[in-house]
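What follows is a short report on a single structure.
The structure presented is a predicted model; accordingly, all values stated were derived computationally and were not measured. FYI, side chains are in, hydrogens and waters are out, and symmetry mates aren't considered; it's all heavy atoms of this structure.
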Amino acid sequence: CTCQRTISYLIAEKSYNRRIIGDIAWAMGAVPVKRAQDAARTGKGKICFEKGSDAENACVVNGHGTKFLSELKVKDKIRVAGTSISIKVISIESDTLMNIDASALAEVELPSEPVSYDILHWIDQKVVYEKVLSKLASGGTIGIFPEGGSHDRTDLLPLKVGVALIAYSALEKDGLSIPIVPVGLNYFRGHRFRGRVTVEYGKPIYADPTKLSDFVKGGEAKRIVCNEVLERITDSMRSVIVSAPDYQTLKLIHTARRLYRSKYMSSWEKQDLSRRFAEGYKRLLTIVNGNPPKEWLQLQTRIQDYQKELDDLGIRDYQVPSLLEEKDETSGDVALREMRLPFRIAETILLLLVSAFPALFLNLPVGIIARYWALHRREKALAESKVKVKGMDVMLSEKVILCIVLVPSLWVFYGLLLYLFTDWDLPTIALAFWSFPLFSYMGIVTTEAGMVDLKDLKPVLIRIFPSTRRRLLALPDIRRELQKDLREFVRAIGPSLGELYTDKTLNWADFQQNLRQEKEKSL
């Protein structure tokens, strides 16, 4: 919505052929792309790997009960069952012997025992590239998800080479230096309606014109220049997201960021601080060779325990400072009086009553069906995917797709009921029918406001009970001590983190590029 041009997104042909989502994609001018993984199938027999004589470029695959000659062709790819890494076939010698490209195995631990494998047939994307280049040449804009699909991991998947091929092809064919702008989508409870997302834009990347001749040569030279562009795009992509080794670490990072901050922060400042904690965490692990000192582990455990206590009580970190006002109160009656609980309860009930009619009749039936449908689709997506962890990334998409169909269908159903079972005249029925969208939207907004009030009311309500009141009143002191110790820890180790600690503003694209280059030198 912030781009002044119409964006034509590349979309998987599998999704493009689905009703609703495919219709919307067509209306938006999306370009369908056939993906090899969508037609992947299990190969016969099992395979094992061994390094070939040219260890840098090829790896030998021996088959047991395999049919390489009939099932595979050069340029096809194989994928070890249960993994997401696909490897190109270089040559096929017999039904039980072939050579594969070893460059994709640099960071992969090859299995020592025979394993099952999937076959991904090579697909000629010439028509797709022609459409994309034509749009770019006419001044259009292309949106690409370079990882090749959605996932819910806490870091990037290896990027597909297509974006590099497009950039250099546009430079070769039309002399266009296409800016590649990385866009980071950082979701918060993205599987639920009314979830939040922070969108960040990174520094544009360009194909290097001085290396165009290498691209034109093809072969190994072409692969090298494309990989160089992919590395720079990966660096820039990581500069607009918060990446972590796993979900628990990501949760720890966000909790630490909330404890560390001392003032109101904009969304950009929150993202910047979260990235500093994420990269600082990974750098510290490198410094201590993966063996954190006892003090670090103790602080980490305390932060995790604090977050667990918040989760158990059902409150948020931002609500804890307000509990300090009631720290000296032990009477439930005093808490009720001072917090004006009756008024807040009445306000919440009023909001929920206002939203009750449209929510119950227009939104709730659809919401319940959409929830169970999304859970079903999530299980299916998990079974089919090699990269998803919990499959949460597909839930909201499936909910939206289903609601696009069910919501208007429900309106039509209610309109028919009014026509068949009431004595209302047609203008009155038409007015009621055309009011359904407004009532439905009002139900969503007022329900959301009521739920926010309920969340804010929860720490007040549970304070009435002595057991939870004691736990709540202890939280401000726990938080204050944690905040103090965390800041002291950051001050102590900060200088060893370099620019992450000393620089007020960071060029995250340059930071990620320098980080990658340092890793390459250490190998």
Side-chain angles (χ1 to χ4, degrees), residues 1-10 132 135-136 139-148 154-172 174-187 197-212 214-215 224-244 253 257 265-280 282-283 497-521:
C1 63
T2 56
C3 181
Q4 301 301 313
R5 303 185 182 191
T6 301
I7 303 177
S8 300
Y9 290 95
L10 298 190
V132 168
K135 284 183 177 292
L136 292 174
T141 304
I142 298 294
I144 302 176
F145 296 88
E147 295 171 277
T154 55
D155 201 356
L156 292 173
L157 295 176
L159 303 190
K160 305 298 183 183
V161 74
V163 61
L165 293 175
I166 290 171
Y168 271 110
S169 296
L171 188 60
E172 176 192 8
D174 301 302
L176 296 176
S177 184
I178 301 296
I180 305 168
V181 182
V183 181
L185 306 177
N186 300 274
Y187 291 95
V197 59
T198 299
V199 182
E200 286 191 71
Y201 300 93
K203 183 179 178 181
I205 302 296
Y206 294 86
D208 188 349
T210 62
K211 297 182 179 179
L212 180 59
D214 291 334
F215 176 81
I224 290 174
V225 297
C226 287
N227 284 343
E228 186 272 334
V229 172
L230 285 182
E231 288 173 350
R232 289 194 285 129
I233 294 174
T234 300
D235 294 339
S236 197
M237 290 286 288
R238 285 208 170 98
S239 75
V240 291
I241 63 171
V242 178
S243 61
I253 288 166
R257 185 259 297 166
M265 302 177 73
S266 65
S267 295
W268 182 88
E269 290 172 325
K270 290 178 183 177
Q271 285 295 105
D272 182 76
L273 186 56
S274 293
R275 265 195 294 273
R276 289 175 188 262
F277 269 106
E279 296 303 326
K282 288 182 279 190
R283 182 169 289 187
L497 301 179
E499 68 271 35
L500 281 174
Y501 179 74
T502 58
D503 293 4
K504 289 186 177 181
T505 58
L506 272 176
N507 185 320
W508 284 103
D510 290 344
F511 174 85
Q512 291 292 344
Q513 182 177 348
N514 294 336
L515 188 64
R516 173 176 54 81
Q517 291 173 348
E518 289 174 6
K519 288 181 180 179
E520 290 174 351
K521 289 179 181 178

So CD of Glu172 and CG of Leu165: to nearest 0.5 Å the spacing works out to 11.0 Å

Note: Tyr168 and Val225 closest approach over all heavy atoms is CE1-O, 3.9 Å

Quick one: does Arg257's side chain have a donor or acceptor within less than 3.5 Å of a partner on Arg275's backbone? no

Step by step, work out the side-chain contact (heavy atoms from CB on, under 4.5 Å) result for Val240 and Val183. CA-CA 7 Å; Val240 291; Val183 181; over 6 Å; no

Does any N or O in the side chain of Ser169 come within less than 3.5 Å of the main-chain N or O of Ile166, such that one atom is a donor and the other an acceptor? no

Side chain Ser236, main chain Ala509, donor-acceptor under 3.5 Å: no

Distance col, row Ile180:CD1 vs Met237:CE, nearest 0.5 angstrom, shows 11.0 Å

What is the minimum heavy-atom distance between Leu171 and Pro209, and which atoms define it? CD2-CA, 3.7 Å

If you measure from CD on Gln512 to CD1 on Ile241, what distance do you get to the nearest 0.5 Å? 8.0 Å

Whether the side chain of Glu200 engages the backbone of Gly184 through a donor-acceptor N/O pair (distance < 3.5 Å, no angle test) should be reported. no

Test of understanding: with side chain to side chain donor-acceptor pair (under 3.5 Å), list the residues that count as partners of Thr210, not counting sequence neighbours. Asp208

Just how far is it from atom CG of Leu136 to atom OG of Ser8, taken to the nearest 0.5 Å? 9.0 Å

Looking at Glu499 and Phe511, what are the two nearest heavy atoms and their distance? OE2-CD1, 3.4 Å

Side-chain heavy-atom pair Ile233, Pro182 within 4.5 angstrom cut-off: no

Side chains of Val132 and Lys135: does their closest heavy-atom pair fall under 4.5 Å? no

List the atom of Met265, the atom of Lys270, and the distance in Å for their closest heavy-atom pair. O-CE, 3.4 Å

Looking at CZ of Phe145 and CG of Leu159, how far apart are the two atoms once the value is rounded to the nearest 0.5 Å? 13.5 Å

Below 4.5 Å, heavy atoms only, C-beta onward: do Glu279 and Leu515 meet side chain to side chain? yes

Would you find a donor on one side and an acceptor on the other, under 3.5 Å apart, between the side chain of Asp503 and the backbone of Leu506? no

Give me the atom names and distance for the closest heavy-atom approach of Gln271 to Val242. NE2-CG2, 3.8 Å

Any non-hydrogen side-chain atom of Leu10 less than 4.5 Å from a side-chain atom of Ile142? yes

For Arg232 and Ile205, which heavy atoms make the closest approach, and how far apart are they? NH1-CG2, 3.5 Å

With a 4.5 Å limit on heavy-atom distance, are the side chains of Lys203 and Ser239 in contact? no

Is it true that atom NZ of Lys282 has more than 12 heavy atoms of other residues, nucleotides or ligands lying nearer than 6.0 Å? yes

